[in-house]
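Have a look at the structure below before the remarks.
The figures here come from the full heavy-atom set of this structure, side chains too, leaving out hydrogens, waters and symmetry mates. Sequence lines set the chain letters: A, B, ... in the order given, protein chains first and strands last, and positions in each chain run from 1.
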Amino acid sequence: MTDKIRVRFAPSPTGHLHIGGARTALFNWLYARHNNGTFILRIEDTDTTRSTDEYIEAIIEGMKWLGLDWDEGPFRQTDRFDVYRNYADQLIKEGRAYYCYCSPEELEARRKESMAQGKSLKYNGKCRDLKGPVPGIKPVVRFRMPVAGQTIVDDLIKGMVTFENEQLDDLIILRSDGTPTYNLTVVVDDVDMKITHVIRGDDHLNNTPKQIQLYNAFGYPVPKFAHLPMILGSDKARLSKRHGATSVMAYYDMGYLPEALVNYLVRLGWSYGDQEVFTRDELVKYFSFENVGKAAAVFNPEKLLWLNSQYIINSSTDKLAELVIPFLEKNGVIEKGQGMDMAWLSKAVGTLKERSKTMVELANSLRYYIAEDVEYNEKAKEKFLTEKSRDLLAALKEALTAVPEFSHHELEQVFKSVVETHGVKLKDLAQPVRVAMTGGTESPGIFEVLEVLGKEKTVTRLERAIKGI
RNA sequence: GGUCCCAUCGUCUAGUGGCCUAGGACGCUGGCCUCUCACGCCGGAAACACGGGUUCGAACCCCGUUGGGAUCACCA
């Protein structure tokens, strides 16, 4: 029996859950679920000046929408300051950490100088061997890094990565106000929460050897690491607001299904042969770090859009009908809280789902089914609502009023006979009717449209079209 | 600048020394289907960054070059 796998997603609440964070969370979640492990949510809010409760809520909202459920937490680091203090005190007592009285200005000046001389920017160790305190200055606490030897990170994705210890900086673990910094809190928490695998973005790879030294100092076993490659924008720079929407919930607003985003994100860096579309169960079943690539990936909105359209096509019309309601309220097609005939809506959605790439598109197309009247596209009206089509439309209206049942089959018969008696092609009738019904030239099959619309609306719209010619 | 990471079509990727004349997907594009638009189906253009090795044989292994990225905070 091996130990149970425990992983965590540890966002800092200084912004919404963004695409990169969501993917990190997703890979953690997948690894936990694949191995029947435990997924922990930990909020790293030690930067009290930038962290807010609103962002914590936003992150939780995003995770819930994506269906990334956690087993423990959310824990907040601000609730655990005394824990970190104890660990830091222990290091000071053992001489593995020391007080540093250098001022931020002094440090900054030294960094600039090092930069100018082309040297590494690490701390020069000025306060390393200070005998007593410097009066009048509140010191920070620095961790004493080993100055010789190497630290090797054994990474599940990158392989063995070797760092020279002399490159490692004496990092600050306690600020001058006594609050702990990131490098202390992650290690302490990962130790405390018995994290077995640290899965995070590879922007943390350079921090890892320093953290390993901290684990060593505390005498704890080092967890396994997996550093995921970054997500880039189309210009190959790290994905940011400049590249468009980066907040996960912005994708909800744009009409994306969470399953599609999840599928897209997991394929950014991970693959399973040639398969492109996965169910969530398949993802959990197949996931492995062996199939995670090492190279950074460019975020490609077109492919996400295609995946979304696939998920819409493959979703049941009942589900889609439920999901589209908020979008109909938002675009003003229905009133908030207005009752809907869900069976009918579901049928309407069925005619539209394979031509809607997003829920927003679906909701917009639904307008001509639901609204009392349609607005003509000027060009469409000009081209198809003509003298020539007036008689056809009139004949159709006549024939339709006699039809008892508005079914696909019945409607097809009626159209056929009208077309035949007038010696025209189906398209000569279908397009004008389409404009009369939807206002435009693109829509589902005309028989489907009429079936959903029903007799009353169909006849009314035909009359209006004829009158308008 | 120091350190670290990375490198297959425009993009996401398959490929783990012979199955590669390099496969799939998005996008682009030609056609079919057809009452329009989609969906779907069939076809096309499109890549191993470069240079050295190793080997009978290299997209795959090694070295270098080039190019990209990350990081070097009293941020996380």
Side-chain angles (χ1 to χ4, degrees), chain A residues 10-14 44-47 49-51 77 100 102-104 107-108 111 114-123 138-142 153 155 157-159 161-164 167-169 171-177 179 181-183 185-186 200-209 227 229-230 232 234 236-238 264 267-277 291 293-307 309-310 313 352-357 365 380 384 412 415 419 425-431 433-435 438 440-447:
Chain A
S12 135
T14 53
E44 308 219 323
D45 55 351
T46 54
D47 182 357
T49 58
R50 294 198 304 148
S51 300
Q77 292 189 320
C100 171
C102 299
S103 70
L107 293 170
E108 184 55 38
R111 266 197 294 274
S114 300
M115 181 72 115
Q117 292 176 352
K119 290 197 293 205
S120 115
L121 309 185
K122 70 177 260 194
Y123 175 64
K138 285 202 162 197
V140 299
V141 175
R142 283 185 188 271
V153 179
D155 194 272
I157 294 170
K158 308 279 185 184
V161 185
T162 305
F163 294 85
E164 296 297 329
Q167 299 288 342
L168 270 27
D169 210 352
L171 34 90
I172 292 172
I173 55 176
L174 246 40
R175 301 185 183 97
S176 53
D177 66 359
T179 58
T181 60
Y182 165 75
N183 280 294
T185 60
V186 249
R200 76 232 296 197
D202 71 10
D203 49 336
H204 286 283
L205 188 54
N206 287 314
N207 278 326
T208 308
H227 285 99
M230 299 274 91
L232 276 24
S234 52
K236 304 253 182 186
R238 192 182 177 147
Y264 179 71
R267 278 287 287 106
L268 219 48
W270 176 83
S271 61
Y272 188 76
D274 283 340
Q275 191 170 342
E276 294 287 350
V277 183
N291 302 316
K294 299 176 173 194
V298 175
F299 187 85
N300 180 207
E302 276 84 34
K303 188 155 182 181
L304 205 210
L305 190 61
W306 171 76
L307 260 174
S309 72
Q310 293 299 304
I313 287 171
L352 252 19
K353 69 174 184 173
E354 63 191 26
R355 52 205 106 216
S356 306
K357 290 187 191 299
S365 299
F384 293 106
E412 194 168 351
F415 270 67
V419 161
K425 298 231 163 101
L426 178 55
K427 66 158 114 180
D428 298 322
L429 176 60
Q431 278 304 75
V433 175
R434 177 166 282 116
V435 176
T438 71
T441 55
E442 302 160 13
S443 86
I446 196 64
F447 309 128

Using the ring of each side chain (for Trp, its six-membered ring), is Y264(A) parallel, tilted or perpendicular to F299(A), with breaks at 30° and 60°?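 It falls in the perpendicular class, over 60°.
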
Of the nucleotides [options], which has the atom closest to the [X] side chain?
X       : options                : result
R267(A) : C35(B), A76(B), C12(B) : C12(B)
I172(A) : A73(B), C4(B), U71(B)  : A73(B)
D202(A) : A7(B), C5(B), G24(B)   : C5(B)
W306(A) : A25(B), A73(B), G40(B) : A25(B)
R111(A) : U71(B), C6(B), C74(B)  : C74(B)
A297(A) : U36(B), C74(B), C12(B) : C12(B)
E302(A) : A70(B), C37(B), G27(B) : G27(B)
R355(A) : G10(B), C37(B), A14(B) : C37(B)
K303(A) : C26(B), A76(B), C35(B) : C26(B)
M115(A) : G1(B), C5(B), C74(B)   : G1(B)

Side-chain donor or acceptor of [X] paired with backbone N/O of [Y] under 3.5 Å:
X       : Y       : answer
N291(A) : Y272(A) : no
D169(A) : Y123(A) : yes
Q275(A) : V277(A) : yes

Could you identify the nucleotide paired to [N], looking across every strand shown and requiring Watson-Crick or G-U wobble geometry with both distances under 3.5 Å?
N      : result
A45(B) : none
A70(B) : U3(B)
A59(B) : none
G40(B) : C32(B)
C50(B) : G64(B)
G10(B) : C26(B)

Looking at [X], I'd like to know whether one of its side-chain N or O atoms comes within less than 4.0 Å of OP1 or OP2 on [N].
X       : N      : value
K236(A) : U11(B) : yes
R142(A) : A73(B) : no
K294(A) : C6(B)  : yes
S309(A) : A38(B) : no
Q275(A) : G23(B) : no

Find the distance [X]:[atom1] to [N]:[atom2] and express it as a whole number of Å.
X       : N      : atom1 : atom2 : result
R200(A) : C5(B)  : CZ    : P     : 16 Å
W270(A) : A25(B) : CH2   : P     : 17 Å
K158(A) : C4(B)  : NZ    : C1'   : 10 Å
L232(A) : C5(B)  : CG    : P     : 18 Å
N300(A) : C12(B) : CG    : P     : 8 Å
E276(A) : U11(B) : CD    : C1'   : 12 Å

Using the closest heavy atom to pick a nucleotide of RNA chain B for each, name whichever of V161(A) or A296(A) lands nearer the 5' end.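 This one resolves to V161(A).
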
If you pin S443(A) and Q167(A) to their nearest nucleotides in RNA chain B, which one's is more 5'?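 Closest to the 5' end, via its nearest nucleotide, is Q167(A).
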
Base of [N], side chain of [X] - is there a donor-acceptor contact under 3.5 Å?
X       : N      : result
T181(A) : C74(B) : no
E354(A) : G40(B) : no
R434(A) : C35(B) : yes
D45(A)  : A76(B) : no

Test side chain to side chain donor-acceptor pair (under 3.5 Å) on T181(A) and N183(A); report intermediate values, then the result. CA-CA 6 Å; T181(A) 60; N183(A) 280 294; 5.6 Å; no

Is there aromatic stacking of H204(A) on A70(B) here, judged by a ring-centre distance under 5.5 Å and a plane angle under 30°?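 Stacking is absent between A70(B) and H204(A), given that the ring centres and planes do not meet under 5.5 Å and under 30°.
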
cation_pi(R434(A), F384(A)) dist<6.0 Å, angle<=45: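 Judged by the rule (NZ or CZ under 6.0 Å from the ring centre, within 45° of its axis), R434(A) is not positioned above F384(A).
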
In whole Å, measure the gap between the P atoms of G24(B) and G44(B) for me.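 My reading of the P atoms in G24(B) and G44(B) gives 10 Å.
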
With sugar-phosphate meaning primed atoms plus P, OP1 and OP2, does L205(A) contact a base, only sugar-phosphate, or nothing at under 4.0 Å between heavy atoms?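 Result for L205(A) = sugar-phosphate.
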
